[in-house]
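A quick write-up on the structure given underneath.
Both backbone and side-chain heavy atoms feed into the values below; hydrogens, waters and symmetry mates do not. Just so you know, these numbers come straight off a predicted model, no measurement behind them. Just so you know, ligand 1 is whichever comes first in the structure, and atom 1 is the first atom listed for that ligand.
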Amino acid sequence: MTDTRYLVHGVFWDGPAPASAPAPASAPLQGESDAGRAVLRLQQVSGDDGGRTAPGAFTELALDAGTRLGFRVAADGKSCLGHSKVHGPADRDHVSCPARAPAARGSQCERCFVLDDSRLIHDFHRGGRVPPGLRAYLMQPHWLYIATFAGGASKVGTASHLRKWHRLAEQGAVVARYVARADDGRVVRILEDMVTRDAGLPQQVRSAAKAAALAGPAPAAGLDALNRRLAGEVRELLSRVPAGGFGIVDEPWLRPGLAEAACLVDGARARAGRHPYPHALDAGEHGFEVTSLSGSCALAGLAGTDLDFIVNLGLLKAKTIVLGDYGSDVPAVQESLF
Ligand SMILES: [Zn+2]
């Protein structure tokens, strides 16, 4: 019998958004415990036969506070995660890579990269042609937001209406504010490009930078003040845009409870005892307890030490792992502190 191998698709924040206000007493209590939850999504790789087996089923590991995650990396390099077909605002299919090919472009092979609908999203507002399902997705209302990450790096971004909250959770924002609601995905991307051009805000903050910042973050109060100021400047900029198709809003994003400990670092222990995870995730055995999660970055504890580590679980994407009672070596950083 061989160990079950899984292809890692990544960390997903797909549960219901946490309620921003107490529900009316008459409303049924629904999904409260699921609100703001995250999972590590895995696809079973059935056997080791050189990739000829039909792609397997999906399984999800909940990444709650207290989850113990143990695994070993079971293959070199990355394998293609397939592609998606978008049928509408809340309807998309995942198509597995038939060849289970090595990933050549990020986490996809050349073929799946070309077939992926989401590749077309970024050219839609410049007049690019899109299939009807993707068009229906893009024509739903979208939100423009300003997000600030640990360390103060900030960006402008967009979220579809149905992913309004989730988009920021998966990005690992520490503080964020919505600044406009646009009629569709074309208008919101025109506004996004304008904010980048005129306010100098980038559209991307690299995940390695987010992970590094979480390992030595700035106090949350300063980040909130920074985000408030940037959002105010962007609203001012938007107020001078003569075109229609959007409305300016001033609405905070609610950070998930699961991310609190990773983002909140006011305290001596958090500052002194937090380190980047010292082992590369492309080989070897790993095991730790997840105590908090911001985007794809876990605040994790290792058995045998009181130190906290920031593990960028996003680095597992497209890697093949075997789950089990594995543990990470306690790094030498401990001895250097005592
Ligand atoms: Zn592929």
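Through direct or relayed side-chain contacts under 4.5 Å between Ile, Leu, Val, Met, Phe, Trp and Tyr, L237 connects to L144, I146, V156, V179, V187, V188, L191, M194, V195, L201, L226, L230, V234, L238, V241, F246, I248.
Judged by distance alone, with hydrogens and angles left aside, the side-chain atoms of S107 form no donor-acceptor pair with the main-chain N or O of A103 at under 3.5 Å.
A distance of 6.0 Å or more separates the ring centres of H122 and F124. Between F58 and H9, the gap from one ring centroid to the other is short of 6.0 Å.
Residue pairs meeting the side chain to side chain donor-acceptor pair (under 3.5 Å) criterion with at least one member in residues 124-136, sequence neighbours excluded, are D123-R126, H125-D193. Judged as a side chain to side chain donor-acceptor pair (under 3.5 Å), the pairs with a partner in residues 59-71 (not counting sequence neighbours) are, in order, R37-D64, R41-E60.
Around the Zn ion (ligand 1), the protein contributes the following N, O or S atoms under 2.8 Å, ordered by chain and number: C80 SG, C97 SG, C109 SG, C112 SG.
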